[in-house]
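Order of appearance sets the numbers: ligands from 1, and atoms from 1 within every ligand. Residues: numbered from 1 along the sequence shown.
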Amino acid sequence: METVVLKRGREFTLVRRHPWIFAESVESCSGAPAAGEIVRIANRDGTVFGSGFYSPQSRIAVRVLSFDPDATPDDAFVADRTAAAIGRRAEYFAHGATDAVRLVNAESDGLPGVVADCYAGWIVIQLSCAGADAFKKTIAETLMKYTPGAKGVWERSDVEVRARENLQPSTGPVTGEEPPELVEISENGLRFLVDVRKGHKTGFYLDQRDARAATGRYGCNRDVLNCFSYTGGFGIACRAAGATSVVHLDSSQGALDLARKNTELAEGCYCASEYECADVFSQLRKYRDARKSFDLIVLDPPKFADSKGAVMKAARGYKDINLLAMKLLRPDGILATFSCSGAMDEELFCKVVSEAAADARRDFQILERTSAPSDHPVSLSFPQGRYLKGLVLRAV
Ligand code: SAH
């Protein structure tokens, strides 16, 4: 194993068990390890702190696998970590109302660059760094072996970050059976069709499961506007709770087609559903000009800020849509508003939403604060893992 030597004083993040070593903290490296090779991490005095995946071309030079100086991570080590992560999801499999579950949540499960989601037995993996890529076979075989009801592993390593390490996108079957075009899952008892081959992320926004449930509780007898609807999740949760009408609004016609199929799949009472393919920023203005109003509005936009530098511009975007939505909200209305920009922390998000409320000259109560569910755990020493936050507000 080659050794990455840190600059003086840079070991403090390791002592706090943070799993990333940035390129600017590295002084030198023995030999010339290839991207993805496992390297030992030491300081200039030769004290070893652990080992991790080496990424010579990335801003994150080493992703820590073990903080044990004596560990020599190999296939068995990665298999153990994978099996342990699956074991920690036992409650989800035992309970059964939800069969779409994240099995491995990257750094927070001790496996940097590895995401694995299970959709009713169809497992989808997403490997985002060279080190994770090198263990693809071991990870896939372990997932097949230990996941209850596993049918096959499909790869969706088509994330942009791979390009930073010169990794080509890689998608397709890895082991076991191939998934159908659309996989039917159950989330809190509601059925959805998921396109694991071409859908966003690995097919579904599993991280918003609890937020959909929290928002759905307020759906009864309300006219709902589901902005950034993707395949319908929030609106369908409101419909199941007895919403009067739901407008799904998204810029992707493909997502809306699936939202329609998902609505047809859902049983329950009559609820008028509409599917509007448009840009949310301009459509909210059109509704304002047409004096339309709603009882419950969901704002679940994609990531607006990719980096700390982009935060202020992102803040303007969040404020804009929140202000527009607040103006469309009827008295006693509910606003469920979210941000998945990791660079914008919860405090700043709340500040932006409260500034929007001030500009709208309306008062709101916080009914719920939401975050990713427990199958997306966040390591205590890895605050970057906590990117998703949300507020369910009531206009008073
Ligand atoms: N709420 C969804 C997930 C939303 S993901 C769920 O619960 O599953 C973000 C969605 O926003 C994507 O479907 C994307 O197509 C859509 N989108 C991105 N930018 C948009 C824009 N400017 N206007 C409308 N939709 C947009």
Side-chain angles (χ1 to χ4, degrees), residues 98 100 102 117 119 124 159 182-183 185-188 190-196 198-219 224-241 243 246-263 265-266 273-287 296-306 310 313-314 316-322 324-325 328 334-342 370-373 376 387-392:
T98 294
R102 172 148 300 186
D117 291 333
Y119 295 101
V124 184
V159 278
L182 295 174
V183 176
I185 60 149
S186 171
E187 173 180 275
N188 293 321
L190 294 175
R191 293 188 292 158
F192 291 97
L193 295 168
V194 177
D195 183 349
V196 296
K198 296 193 198 70
H200 295 181
K201 306 229 276 184
T202 61
F204 202 65
Y205 289 85
L206 295 177
D207 54 356
Q208 284 285 54
R209 182 191 311 116
D210 285 358
R212 283 187 284 268
T215 305
R217 283 200 281 277
Y218 301 94
V224 176
L225 175 60
N226 185 19
C227 300
F228 307 98
S229 68
Y230 189 47
T231 58
F234 280 91
I236 289 167
C238 291
R239 182 187 182 280
V246 178
V247 178
H248 298 279
L249 173 55
D250 201 284
S251 55
S252 156
Q253 188 58 53
L256 288 170
D257 291 344
L258 203 44
R260 186 188 293 272
K261 283 198 179 117
N262 283 331
T263 304
L265 195 66
S273 296
E274 281 178 43
Y275 308 88
E276 190 74 54
C277 188
D279 171 59
V280 167
F281 290 84
S282 51
Q283 190 63 29
L284 291 179
R285 287 182 165 80
K286 280 189 190 152
Y287 288 143
L296 190 157
I297 300 178
V298 179
L299 294 175
D300 185 23
K303 187 157 67 175
F304 286 164
D306 248 336
K313 187 166 172 275
R316 282 196 291 278
Y318 285 110
K319 184 169 170 192
D320 190 29
I321 50 172
N322 278 279
L324 287 163
L328 297 178
I334 301 287
L335 175 64
T337 182
F338 305 95
S339 162
C340 61
S341 302
T370 69
S371 59
H376 295 60
Y387 58 94
L388 184 63
K389 55 261 160 205
L391 297 168
V392 181

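Closest protein heavy atom to atom 18 (C) of ligand 1: Pro302 CG, 3.4 Å. Atom 6 (C) of ligand 1 has its closest protein heavy atom at Arg212 NH1, 3.5 Å. For atom 1 (N) of ligand 1, the closest non-hydrogen atom of the protein is Asp300 OD2, 2.7 Å.
A salt bridge links Lys201 with Asp207; the closest basic N to acidic carboxylate O contact falls under 4.0 Å. A salt bridge links Arg285 to Asp320: at least one charged side-chain nitrogen sits closer than 4.0 Å to a carboxylate oxygen.
Between the side chain of Ser339 and the main chain of Ser341, a donor-acceptor pair closer than 3.5 Å is present.
Note: Tyr119 and Phe204 fail the aromatic proximity criterion, with ring centroids not under 6.0 Å apart. Separation of the Phe234 and Phe338 ring centroids falls under the 6.0 Å cut-off.
When the heavy-atom distances from atom 22 (N) of ligand 1 to Leu258, Asp279, Val298 are ranked, the shortest goes to Asp279. When Cys277, Ala259, Ser251 are ranked by how near their heavy atoms come to atom 20 (C) of ligand 1, first place goes to Ser251. Proximity annotation for atom 11 (O) of ligand 1: of Phe204, Phe192, Phe228, Phe281, Phe228 comes nearest, heavy atoms only.
The two residues Ala237 and Arg212 have their closest heavy-atom pair at CB-O, 3.6 Å. The two residues Pro301 and Cys340 have their closest heavy-atom pair at O-SG, 3.8 Å. Closest approach of Ala259 to Ile236, counting heavy atoms only: O-CD1, 4.0 Å.
Of all the atoms in ligand 1, the ones that sit under 4.0 Å from a non-hydrogen atom of Phe234 are 1 (N), 7 (O). Counting the atoms of ligand 1 from 1 in the order shown, those under 4.0 Å from a heavy atom of Ala278 are 23 (N), 24 (C). Atom numbering of ligand 1 starts at 1 in the shown order; those under 4.0 Å from a heavy atom of Tyr230 are 2 (C), 3 (C), 4 (C), 8 (O), 13 (O). Near Ser252, meaning under 4.0 Å from one of its heavy atoms, ligand 1 places the atoms 15 (O).
The proximity of Tyr205 to ligand 1, defined as any non-hydrogen pair under 4.0 Å, is limited to the side chain. Looking at Cys227 against ligand 1, nothing comes within 4.0 Å, counting heavy atoms. Only side-chain heavy atoms of His200 come within less than 4.0 Å of ligand 1; its backbone N, CA, C and O stay farther off.
Here's the thing with Gln208: none of its N/O atoms is less than 3.5 angstrom from an N/O atom of ligand 1. Taking any N or O of Val280, backbone or side chain, at least one lies under 3.5 Å from an N or O belonging to ligand 1.
Going from atom CG of Leu265 over to atom CG of Leu190 covers 10.0 Å, rounded to the nearest 0.5 Å. Residue Leu249 holds its CG atom at 8.5 Å from SG of Cys277, rounded to the nearest 0.5 Å.
Remark: distances from the non-hydrogen atoms of Asp250 to ligand 1 include one below 4.0 Å.
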